[in-house]
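First up is the structure itself, then whatever we jot down about it.
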Amino acid sequence: MSAARLMVHLGPEVIDPAALLAAVADPAAGAVDLFLGIVRDHADGRQVTRIDYSAYEPMARRLLADLAEQVAARFPVAAVAITHRLGTLAVGEASVAIATSSAHRAAAFEATRWAIDRLKTTVPIWKLEHFSDGTSASDEARWVSGTFAPDLPV
Amino acid sequence: MSAARLMVHLGPEVIDPAALLAAVADPAAGAVDLFLGIVRDHADGRQVTRIDYSAYEPMARRLLADLAEQVAARFPVAAVAITHRLGTLAVGEASVAIATSSAHRAAAFEATRWAIDRLKTTVPIWKLEHFSDGTSASDEARWVSGTFAPDLPV
Amino acid sequence: MTLDVLLFAGFRDAADGQPVVTVELTDATATGESVYRALEARFPAFRSLRGVGRLALNLEYRPMDSALSPGDEVALLMPVAGG
Amino acid sequence: MTLDVLLFAGFRDAADGQPVVTVELTDATATGESVYRALEARFPAFRSLRGVGRLALNLEYRPMDSALSPGDEVALLMPVAGG
């Protein structure tokens with residue numbers, strides 16, 4: 001539905017889930033689905049201490065806006081809100097939040113899931129994962145291996 | 001996973017999504033999915049003004065607790081939180097909230113969706129929908145037609 | 001055997017709004033079916049709802065032909081519509 | 001033609017940490033491929049990343065053989081890993 005309300009944000013601010021829920025509130029919506037991506041304490045069996053998120057910011061902002069429009073074109077949603085955080089995030093902090101609202105619940109679940117899958121393979125954001133082997137002095141970092149959606153030009 | 005943390009609530013209190021998100025926070029979780037069921041302003045083309053939610057409370061509480069356990073048994077989730085509200089709700093208010101957290105996002109999406117589908121067909125809660133034809137004096141109510149899950153004893 | 005039957009939603013409406021109805025069951029083995037027949041006899045509106053509801057016995061769904069004992073918590077449930 | 005190339009993540013590391021590298025392109029028709037060859041010539045670490053990245057041209061994904069013009073905003077992107 002082209003009348004869907006869209007909100008996107010990219011920046012270092014702490015993600016406030018209530019702001020996304022407020023952004024998708026709609027009297028015609030009977031369902032809201034909110035996804036949060038969170039920094040977890042492990043990856044490949046190793047202890048993660050923090051993750052640095054960086055982006056090609058102008059392009060990422062443009063693609064986040066495109067993504068919100070694509071979600072609204074593909075699913076019967078009333079509103080779409082997408083926020084991605086940048087900078088250094090501790091374990092437990094949200095790096096991304098996507099909320100959608102719709103008259104019936106199937107559309108909200110499917111729209112939110114499609115949006116996060118698509119975001120992860122199209123929006124130019126990268127993460128540098130910091131590990132610890134348990135000794136306080138150790139700090140090792142590696143770029144998390146990424147993926148491009150198969151339909152992007154090669 | 002039997003170690004998953006479970007939280008359920010049934011009562012007249014306004015639903016606070018932040019409380020559910022806090023209940024499912026877990027350092028091992030990389031994903032959280034939160035579903036909200038909301039009173040919408042229309043049903044079958046008519047204007048809804050409010051919905052009264054009632055329950056067979058002791059049984060509903062027991063089945064909500066069973067449901068949270070079933071979710072944790074079926075999906076690799078770190079935590080499950082389910083809240084259902086009772087009483088008279090205005091358009092835009094949340095009647096139900098379900099949050100799950102998991103290491104990877106597929107489990108959280110699938111667990112939350114399974115939980116709301118199952119809740120709607122097993123937990124003894126009913127809703128009386130109030131309609132308006134637009135004149136202030138009019139108020140007509142009807143029980144929303146329900147469904148039993150096919151595996152319940154007949 | 002005398003039993004209190006809890007009623008909700010459409011079943012409560014069918015019993016003129018009463019949340020609890022006490023029924024006297026005379027069957028040798030009283031079941032959910034006996035309860036339903038007793039309610040039909042007293043409240044004709046139950047006739048058109050036959051087959052729609054389910055029996056809850058001590059807070060669990062149970063087959064309508066389950067045997068009932070004195071002190072059981074018995075409820076008749078319309079199709080549920082939460083969420 | 002002289003172009004500034006924006007680099008991120010692993011590509012930035014491969015260019016000794018530089019976020020922007022200015023390249024001089026001598027091909028008659030300069031393309032993303034020309035940019036990549038110029039970077040490989042200067043930073044050997046780009047060789048092992050050949051075929052991994054994508055070209056962004058004026059904030060859009062474009063085929064690596066797209067023709068480039070002076071003033072274009074050109075970036076090389078490693079596989080993305082947001083979320």
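Labels below follow one simple rule: chain letters A, B, ... track the order of the sequence lines, proteins then strands, and each chain is numbered from 1. What you are looking at is a predicted structure, and each value in this text was computed from that prediction instead of being measured.
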Do A:K120 and D:V80 make a side-chain contact, defined as non-hydrogen atoms from C-beta onward lying under 4.5 Å apart?
no
Heavy-atom distance under 4.5 Å between the side chains of D:M78 and A:W143, does that happen here?
no
Look at the aromatic rings of D:Y61 and A:F148 and report parallel, tilted or perpendicular, splitting at 30° and 60°.
perpendicular
How long is the straight-line distance from CG of D:L6 back to CD of A:E57, given to the nearest 0.5 Å?
12.0 Å
Spacing of CG belonging to D:L57 relative to CE belonging to A:M59, to within rounding of 0.5 Å
9.5 Å
Residue part contacting chain D, namely of [X], when any heavy atom lies under 4.5 Å:
X: A:V154; answer: both
X: A:I38; answer: neither
X: A:A94; answer: neither
X: A:S54; answer: neither
X: A:Y56; answer: both

For D:R62, which atoms come within 4.5 Å of any heavy atom of chain A: side chain, backbone, both, or neither?
backbone
Is D:D13 in contact with chain A via its backbone, its side chain, both, or neither, using a 4.5 Å heavy-atom distance?
side chain
